Asker: 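This is the structure, below, for whatever I ask next.
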Amino acid sequence: MTKAFNLPGKIGLEVLQAVRIIESVVGNAWAADAAGKVIYVSAAVLSRLAITLEEFNSPADGGLLGWRRMIHPDDYSLVTAQWVRCLETGQHFNVEHRVLRDSGAYGWSRSSAQPFRDDQDQVLGWYGAIIDGDTSVVSGRFADVATAAVEKKVTLEQPHSLSRVHPADRTTAAHAAARAFWTGVPQVTRHRQLQTNGKYRWTETRAEPGYSVSVDIDDLVTDREPHIAAVSDLSAQDDIEPMRSARAVESIFGNGWAFDAAGRWIYLHPFAQSSLGVTPEQLNASLDDGDTAWKQLLHPDDYDHVAATWRRCLETGDDFNVEFRFRRVSGSYVWARTAARSARDSQGRVVGWFGIALDIDVYKKTVEALRGRERELSQLVDMVPVQIRRLTPEGEPTFFNKRLLDFLGWTDLARLERQGESRLARALERLIHPDDAARLMKAVRHSVATGEPYSMRYRLRRADGAYRWVDGRAEPMVDQNGAIVHWYAISIDIDDEMRAQDALRDRERELSQLVDMVPSLLWRLNRRGEPTFFNKRMMAFLGLDTADTQQPGTDRLAATLKAAVHPDDATGLEEALRLSVATGEIFSKRIRLRRADGVYRWVESNAEPLRDENGDILQWYGLSHDIDDQLRVEEALRERERSLWQLVETLPAMIDCAMPNGEPVYRSQQLREFLGYNLEELDGAGKSRLNGTLDAGVHPDDVDGVKEKYAHSLATGEPYARKHRLRRYDGEYRWVETRAAAMRDSEDTIIQWNVICLDIDGEVRAQGELRLAQERLSRAAQAASLAELSASIAHEVNQPLAAIVANSNACHRWLSAEPPNLERAKITAERIIRDANSAADVVSRIRALFKHPVEPRSNTDLASVIGEARNLIAEEASRRRVRVEVDIGPGLPHIALDRVHIQQVLVNLIRNGMDAMDDVATDRVVAVRARRVANMIQTEVSDHGRGVDHPERIFEAFFTTKVNGMGMGLAICRSIIESHGGRLWAQNNGTEGATFAFTLPIEVDASA
């Protein structure tokens, strides 16, 4: 041990002192260094384990050999895990486990250890103790106290209850009554009780706390004669020594028995045979099966232990002493203790065994109940949610419960020990807030001096150094003479409550300021409806001062309020207030109040009642808000709204409003009359109002385009504009022009769509008729021009052609002469050449009429040119029910071109595509597609018509496949494309229709 404590630093001496103090009180102390290595163990422990301290520390399966030998295998893992955690955290070590005892059996114990720290709070070592958990000492003390208390209680309160019990049985009866009284466990005993005739009869008594029940069993008891006579008779009747010994023991204690030297039953008291329901012969039958004679009596869980002990006693002749459970005739098991000794002859040989069986069932249950009650009370004291302490009559602390120790961060009261200083003074110094210590000391001293309880609030320091408010109370426990035995004190943590009260007071101040600062008129009425309080803002409004509200009674406030109400509103206010006070309904009223400057202003007043827990009204709280400016603004807004409403309803246009998702929410009267139904009539049709409106009203040929265009606007927020046909209430479709624009808030978020719809059916029809007239006029002009042109061509060409014919005939004659006149023929041929050149000049001049002049060209986006051409042809395409689809490839560069000439080419090609589909009954689509191909932009115009019969000749002048065509359109288009440096051609599609394609160069000199 000395070697173990010769360690560097101050751990040796101080830890050793701590260990020895613990050891002097509880024994079995031990110590370890900061790493957990054991440096000291009590000598008794080392002696029990038969090892030295060095052997105790030797490793064994990851632990110390000493702990491995000492702790029960089932508890070892739990204990070591707890110990490792405490080494890591420095927390208090406290665990229950089973420990090897001197007897070789395991018994429950508690190991507790505390870290020893230096000034820097570093752990230097550990000191602890192993506390035996055996309750035999406690049980013995309980039995003594219980016996004395009950005997005293019986003497004082029931002087004749034990006096009737036979003197030899009186102590047993008193013990049973005491155990029943203190533990609450019923006790059953047999004793002899004095009868009225002066004789004793055997009685079985069941003792309950506060009462008992006795049953006469004298007829069941066989040994009625005095015990000393029984011994005399025994010596005369039986010569077997074990039986004589058994009867001698039985004459004193009862329930004797005897075995022969081989362990066979030779005697069992008749009463025992009756209560057990067996005979010695039946008990000996188990010997034939290789068991002991105890087989049929014992509980299966106890038999092996008892049988092994009995066999050992048979072999050695040692005394037999064992506890076990045996079965009664009722089938229930009860506890008993059997003690037996061997009977020997003159040579010392065992000739038999005699013994006694004592019923200890009540004792065992009493001890178990006592242990349970002690555990329950200990847990109750530790777990009750209050801090409990016990003080001496002088006020010195002697006990703190676990909750208080945990609160303080202590394990015991050792920190209150100081030489020459009381524990009370030390506790006040260390634990109580300095501002509260003197007050608490005064209260404790007063209570100690007078015996009066004390109760006060003070601040107690927690383990982390924080002071928390507690409510402390103490009362004395006095004995029967009125002397104080102990003081019991409790303290309840009320820190949160105190903080809540402080917060509540702060909140009250804030609310008071809020009531005065809130920009409204606040007031309070009593349960009768009389004003009792005005806030500062209302007093200022009415022209009152603070003195007016502080006068007793409510007449002043009531009179002021009554005088301030406008005469036209006074009656209504009084009736509404009277109704609310009578019924408890919420009060709400708009009235005019006269301001301090004499101006009446509209206010909105509301009040609600405050009720108690029974629902009775205590008072009314009200608020009046100045709404005069608001009412004036609302009136102006209502007037403006009426004007706008009349404007919208009388506009010569159909108005529609829709939500951000396009769902209509409003229609003007003109639109409702045009359609012939209201918005609500579309609900429940299985589709939205928008789709219902479009499907029901828009012409089938236009509905897809309208939906597509409207969906695009809803998705992008762009304005919507489109002409389409809309079904009127009488079923007629009329052309309308619809335009929609988004209304946005300050954050540019769409909040509504505003739509206007104009009936343009007359205008469209007029434009259609004008267009047809223009086409007829154009065809007539073309025909006249063609006739005139034909005449001019015939006149111009006719002369050179006639000269060519005449000269040709002359040349033929000169060549046909005999001999041929070659000279004259040569002259005639020269004239033919002259006339042919003259005809060619005429034709060149005619072709020049169809050539376009070259205009200045600029870099232009071809996509925009295609879009403009589509817009130019859109109305005609809609009229002819043809859909024009445009597909522009990505990243097309700008090119140099004549914008008007290229639009003329695109319009001509698109119109030719529409002409080609006049006889097509299916979907009519002209597709315009533009893509980059090498250094060219290639544009294609495709249709679903019947195709082209002569793809090359179709570009010749005056060649046409149309009935009314002149055959010049495509020729002019080719000349325009060729003038731009491109190429125009036609080809038939694989299945149906034809495609006209032209290319334009990307890099072209703009001045060319």
Side-chain angles (χ1 to χ4, degrees), residues 384-386 453 455-458 468-473 490-542 544-565 569-593 602-627:
V384 66
V386 295
S455 174
M456 66 176 297
R457 294 181 175 183
Y458 54 89
R468 293 185 64 85
W469 282 98
V470 297
D471 187 357
R473 302 169 185 269
I490 65 169
S491 55
I492 303 174
D493 190 323
I494 59 170
D495 193 77
D496 296 335
E497 177 185 348
M498 295 291 289
R499 296 182 187 276
Q501 291 178 356
D502 292 340
L504 180 60
R505 284 190 289 270
D506 294 340
R507 183 65 174 168
E508 288 177 350
R509 287 193 295 270
E510 291 178 3
L511 289 177
S512 178
Q513 295 176 355
L514 177 64
V515 167
D516 288 334
M517 299 303 297
V518 68
S520 295
L521 312 177
L522 302 181
W523 40 273
R524 184 179 66 235
L525 310 178
N526 60 20
R527 66 178 64 190
R528 296 183 299 276
E530 300 168 344
T532 59
F533 167 78
F534 293 161
N535 72 333
K536 288 183 179 180
R537 194 172 293 271
M538 186 166 187
M539 289 191 296
F541 183 91
L542 298 176
L544 299 176
D545 54 24
T546 307
D548 294 324
T549 62
Q550 294 176 350
Q551 295 179 0
T554 59
D555 295 340
R556 171 65 173 163
L557 295 179
T560 302
L561 182 61
K562 184 176 181 180
V565 178
D569 303 332
T571 303
L573 172 62
E574 185 177 356
E575 292 177 354
L577 190 58
R578 185 184 302 112
L579 177 63
S580 295
V581 170
T583 62
E585 296 179 356
I586 296 176
F587 169 79
S588 180
K589 187 73 175 176
R590 286 186 176 183
I591 58 174
R592 283 163 288 184
L593 283 181
W602 281 100
V603 298
E604 183 170 7
S605 298
N606 297 278
E608 293 188 7
L610 173 67
R611 302 176 184 269
D612 59 15
E613 62 274 7
N614 298 322
D616 297 331
I617 296 176
L618 300 177
Q619 50 193 358
W620 291 78
Y621 287 96
L623 178 146
S624 297
H625 188 64
D626 190 329
I627 59 171

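Every value quoted in this text rests on a predicted model; they were computed, and no experiment measured them.
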Asker: Going from CG on L522 to OH on Y621, what distance comes out if it is rounded to the nearest 0.5 angstrom?
Answerer: 11.0 Å

Asker: Which pair of heavy atoms, one from F534 and one from M538, lies closest together, and at what distance?
Answerer: CD2-SD, 3.9 Å

Asker: Using the rule given for side-chain contact (heavy atoms from CB on, under 4.5 Å), can you reason through L593 versus V565, listing the C-alpha separation, both sets of side-chain angles and the distance that settles it, and then say yes or no?
Answerer: CA-CA 5 Å; L593 283 181; V565 178; 3.8 Å; yes

Asker: Which heavy atom of D471 sits nearest to which heavy atom of S455, and what is that distance?
Answerer: OD1-OG, 4.0 Å

Asker: Starting from the C-alpha separation in whole Å, work towards a yes-or-no answer on side-chain contact (heavy atoms from CB on, under 4.5 Å) for D569 and L573.
Answerer: CA-CA 6 Å; D569 303 332; L573 172 62; 5.6 Å; no

Asker: Given S624 and F541, is the side-chain contact (heavy atoms from CB on, under 4.5 Å) satisfied, shown in steps?
Answerer: CA-CA 11 Å; S624 297; F541 183 91; over 6 Å; no

Asker: For a 4.5 angstrom cut-off between non-hydrogen side-chain atoms, does R468 reach D496?
Answerer: yes

Asker: Can you see which heavy atom on L577 is nearest to which on G529, and at what distance?
Answerer: CD2-O, 3.9 Å

Asker: Any side-chain heavy atom of W620 sitting closer than 4.5 Å to one from S580?
Answerer: yes

Asker: Hey, what do you get for CZ (R457) to CG (D495), rounding to the nearest 0.5 Å?
Answerer: 11.5 Å

Asker: Please confirm whether the backbone N or O of S520 pairs with a side-chain atom of N535, one donor and one acceptor, at under 3.5 Å?
Answerer: yes

Asker: Roughly how far apart are M498 CE and L504 CG, rounded to 0.5 Å?
Answerer: 12.5 Å

Asker: Restricting to pairs with a member in residues 606-617, which pass side chain to side chain donor-acceptor pair (under 3.5 Å), not counting sequence neighbours?
Answerer: S588-N606

Asker: Measuring from atom CZ of F533 to atom CE of M539, what distance do you get when rounded to the nearest 0.5 angstrom?
Answerer: 7.0 Å

Asker: Can you name the closest pair of heavy atoms from A564 and L542 and give their distance?
Answerer: CB-CD2, 3.7 Å

Asker: Quick test of your reading: applying salt bridge (Lys or Arg N to Asp or Glu O under 4.0 Å), list the pairs with at least one residue in residues 570-581, sequence neighbours left out, ordered by first then second residue.
Answerer: E574-R578

Asker: Can you measure from CD1 (I494) to OH (Y458) and round to the nearest 0.5 angstrom?
Answerer: 10.0 Å

Asker: Search all heavy atoms of Q619 against all heavy atoms of L525 and return the closest pair with its distance.
Answerer: CB-O, 3.2 Å

Asker: Quick one: closest heavy-atom pair of R527 and V581, and the distance?
Answerer: O-CG1, 3.3 Å

Asker: Kindly compute the distance separating CG (D493) from CH2 (W469), expressed to the nearest 0.5 Å.
Answerer: 12.0 Å

Asker: Are more than 12 heavy atoms, taken from residues, nucleotides or ligands other than R524, located less than 6.0 Å from that residue's CZ atom?
Answerer: yes

